[in-house]
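The block underneath contains the structure these notes are about, expressed in structure tokens.
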Amino acid sequence: MYELHTLETYLKQFFGYDSFRPGQRQIIEEALQGQDLLIVMPTGGGKSLCYQLPALLKPGLMVVVSPLIALMQDQVDALLDNGIGATFLNSSLELSEMRSRSQAILNGKIKLLYVAPERLLNPGFLDFLDNIQARIGITGFAIDEAHCVSEWGHDFRPEYRQLQRLRQRYPQTPVLALTATATKRVQKDIIQQLHLKTPSCHIASFNRPNLYYEVQRKQRQNYNQLLKAIRQQNGNSGIVYCLSRRKVEETATRLHRDGIAALPYHAGMTSRQRTDNQNRFIRDDVQVIVATIAFGMGIDKPDVRFVFHYDLPRNLEGYYQESGRAGRDGENANCILFYSPGDIYRVEYFINQKTNPDEQRIAQENLRQIIDYAEGTVCRRTIQLSYFGERFPGNCGNCDNCLNPQPIEDWTIEAQKFLSCVARCREKFGITHIIDVLRGSRKKKVEQYGHHLLSTYGIGKDKSKDQWKLLARSLLHQGLMSKTTDGYGVLKLNKKSWEILRKQRSVSIAVPHQKAVKSQDTSSLSVEAEMLFDRLRSLRKRLADANNVPPYVIFHDSSLRVMARDRPQSLADFGDISGVGQRKLEQYGKEFLSEIRAFCYEHQPPVSLPSDTQMATLQLCQQGLSIEEMAERRQMKPSTIVSHLSELIERGQPVEINFFISGIRQKQIVVVIEQVGDQSLTAIREVLGEDYSYDEIKLVRGWWRNQKRRI
Ligand code: ADP
Ligand code: ZN
């Protein structure tokens, strides 16, 4: 069987990672034992690895069912780049290509095959599967996006229902169902529909600790607010979601004009334009994609560093999924919702247009949850996760409310003033009018109704319009006052309102202060490391374009960050970095190392001049004396003379190294330095063996360092 410690070895070898994410190890062990599995993990949790690694360790072929052609391509690209035999079959392929891929499968060259469900079930393909089963065996069926099988999920696909036929045809072959949709109902449905046999269920927490959540109150110039927030993201990739196509176009154009490389994406564009824009985003040609919710399902980009909602999302689950497209790679990412109470009225207007009362009720409930989230003063995660039935204790330390709690103030007197004004206006007006009366406005409407004669007229001049609005919204939000949903928003008093008026209840509200946007901190790299990171990012982009793959397929940001921080000098050090597997080391190691070295060279402290004693040695050397003779003359140990010489060589002084060591030996030493780095003489000697002296190594190292400086 597979020893536990060796699983980690395989993880490093194939994928370059050092440790498993939560849940992965156990799932993989069970998959290796042929257990049926239901795996529910949030986006970015690392589901793919749960079937990929078992596929590599078991004989036979793993068949992966995946609904989206674009995703198949990405997954296969990433696997191939790790040197893993993977392919897909779908309608986009030419017949000859289909044939050669099928042949490769039957020859056992492929470990993972990606197919769409409709293809899987056509008769010709089932015969092909029988053939595979007979010749090399089928390791298992991995059903990705398994929630598509359920009508209760958000993405039902009838063809998924047919997948149970696989179970009938291959009753002994394990089935792994994977999804990021959390509800209990969908989970149950998946188990039933796919006929999973006493599956082992792994339901991960839906908390995504690396995502920072914030809600920003929209200011009057809210475009500038958005622009500023984007500029604070250091050129990292991000998505801006808007509700309408028009707003998508408008925002993308404005951003573009303001120097942000942004492209639009919405269902009104041709499918070609959409694919084009999506690809340019995935390949880091543009920084930002401005999109309606049509964008996202088919993309797997792990290094999306921010998701901003410029409009109110439809519901909390939608918000969770959309914002969850940030930070799949586990690195920090920012999710900001820009929110204005005005947006609520707009949504309410649409809800009121609906004719079906059930739909209306659901839409209202959805809206209420979103408002709860946006106006909430407790930990944003607590609110989100409670939606999935998960109890989160709060104090996450990575949301605006936890980092920057809003002060709670007692506004009982103000609430009494406000509610009594509502009462005196006979519960027939909305927020704006009540505030006008309180603030003693001279608007016609106020006089028209005789409201300038009320005792509450002008008693609220001490507070601004915005402060009164804040109070009104908070009263509504806390259920201390009601409002009609007919589109007019007429304020009504309820039982609790009367308790306040009778002084039986006090009112506290959270008073927001202007928050600074959290800028994308690239986990505290020094300025220099930041510069190197940018250079490595450009190198990655060049290589990606040359190989026609998205940049993240080559290395993730997290790996680049470690390179920039640690500046590995040898292939061995480079290979230790998380994300650098065997194949990547061979394929990209040299180029990245030389970029790092070039950077180190440019940023090293200026070379100092040789010291007086070194100069004295140099003079003797130029007279053609041997090391022993120089030592003799200067009354020093030969090793000291060697140190002088190697320093002189490193500083580019005219010392003829060929005089001391033969060319062949020099070459040998250089090869080893390139392998193990120049830091430790002992390490270099260990590889070279006893036949080489430390003195020789020192001199050649001086020469090598001098060369590196000159690159
Ligand atoms: P999901 O399908 O659950 O959304 P993926 O399988 O695409 O997530 O994994 C998300 C990202 O995390 C991928 O880029 C993957 O390479 C990376 N990843 C997966 N497992 C690990 C791990 N053990 N260590 C580091 N990175 C991992
Ligand atoms: Zn929090």
Side-chain angles (χ1 to χ4, degrees), residues 7-8 10-12 14-28 39-53 64 66 68 71-72 74-75 77-79 81-82 84 112 142-147 176-182 202 204 206-215 282 296-304 321 324-331 333 335 373 376-386 392-406 518 550-559 562 577-581 584:
L7 276 185
E8 252 96 15
Y10 289 122
L11 179 68
K12 177 69 189 166
F14 290 118
F15 297 96
Y17 301 132
D18 296 327
S19 55
F20 288 104
R21 293 251 180 90
Q24 283 179 332
R25 163 69 98 51
Q26 203 192 339
I27 293 171
I28 290 168
I39 300 160
V40 184
M41 269 189 195
T43 306
K47 285 186 283 300
S48 326
L49 204 82
C50 297
Y51 58 82
Q52 288 169 348
L53 195 56
V64 186
S66 169
L68 294 153
L71 275 187
M72 284 182 204
D74 279 0
Q75 295 247 11
D77 279 349
L79 286 166
D81 209 62
N82 274 321
I84 294 167
L112 287 133
I143 318 286
D144 208 1
E145 314 284 351
H147 59 274
L176 293 74
L178 307 104
T179 177
T181 297
H202 294 264
F206 271 64
N207 182 22
R208 304 271 312 274
N210 60 319
L211 302 187
Y212 166 75
Y213 293 104
E214 176 175 319
V215 177
I282 289 174
M297 246 308 260
I299 82 147
D300 223 350
K301 189 172 164 57
D303 54 358
V304 173
Q321 301 289 358
R325 292 184 180 126
R328 287 177 84 117
D329 54 9
E331 295 277 295
C335 306
Y373 177 78
T377 52
V378 300
C379 176
R380 306 271 179 214
R381 285 187 158 70
T382 305
I383 307 175
Q384 276 188 13
L385 294 173
S386 75
F392 185 80
N395 275 326
C396 73
N398 201 20
C399 80
D400 53 353
N401 284 342
C402 288
L403 288 174
N404 214 356
Q406 302 176 14
K518 196 178 176 199
Y552 62 77
V553 162
I554 296 190
F555 287 123
H556 280 181
D557 286 359
S558 53
S559 303
V562 177
I577 290 173
S578 174
V580 184
K584 304 236 181 219

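Whatever order the structure lists them in is the order used to number ligands and atoms, beginning at 1.
Legend: protein N/O/S atoms lying under 2.8 Å from the Zn ion (ligand 2), waters omitted, number 4.
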Give every pair made of an N or O atom of ligand 1 and a protein N or O atom lying under 3.5 Å apart, one pair per line with both atom names and the distance to 0.1 Å, or write 'none'.
| from | atom 1 | to | atom 2 | distance (Å) |
| --- | --- | --- | --- | --- |
| ligand 1 | 3 (O) | G45 | N | 3.4 |
| ligand 1 | 3 (O) | G46 | N | 3.1 |
| ligand 1 | 3 (O) | K47 | N | 3.0 |
| ligand 1 | 3 (O) | K47 | NZ | 2.8 |
| ligand 1 | 4 (O) | G44 | N | 2.6 |
| ligand 1 | 4 (O) | R328 | NH2 | 2.6 |
| ligand 1 | 6 (O) | K47 | N | 3.3 |
| ligand 1 | 6 (O) | S48 | N | 3.0 |
| ligand 1 | 6 (O) | S48 | OG | 2.6 |
| ligand 1 | 8 (O) | G46 | N | 3.3 |
| ligand 1 | 12 (O) | R21 | NH1 | 3.2 |
| ligand 1 | 12 (O) | R21 | NH2 | 3.2 |
| ligand 1 | 14 (O) | H556 | NE2 | 3.3 |
| ligand 1 | 16 (O) | Y17 | OH | 2.6 |
| ligand 1 | 20 (N) | Q24 | NE2 | 3.0 |
| ligand 1 | 23 (N) | S19 | O | 2.9 |
| ligand 1 | 23 (N) | R21 | N | 3.4 |
| ligand 1 | 23 (N) | Q24 | OE1 | 3.0 |
| ligand 1 | 26 (N) | R21 | NH2 | 3.3 |

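Crowding of D18 atom CG: a count of heavy atoms from other residues, nucleotides or ligands under 6.0 Å exceeding 12.
Minimum heavy-atom separation, Y373 to I383: CA-CG2, 4.0 Å.
Take H202 and apply the side-chain hydrogen bond (donor to acceptor under 3.5 Å, both in side chains) test, not counting sequence neighbours, and it matches E30, S200.
Atoms CD1 and CD1, on I27 and I39 in that order, are 4.5 Å from each other to the nearest 0.5 Å. Annotation: the span from R328 atom CZ to D303 atom CG amounts to 11.0 Å, rounded to 0.5 Å.
With hydrogens and angles disregarded, a donor-acceptor distance shorter than 3.5 Å links the side chain of N398 to the backbone of P209.
At a threshold of 4.0 Å, the pair E214-R380 does not count as salt-bridged, since none of the basic side-chain nitrogens sits closer than that to a carboxylate oxygen.
A tilted orientation is assigned to the rings of H556 and Y17, their planes being inclined by 30° to 60°.
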Donor-acceptor pairs under 3.5 angstrom involving side-chain atoms of residues 42-51: please list them, not counting sequence neighbours.
| from | atom 1 | to | atom 2 | distance (Å) |
| --- | --- | --- | --- | --- |
| K47 | NZ | M41 | O | 3.0 |
| K47 | NZ | P42 | O | 3.4 |

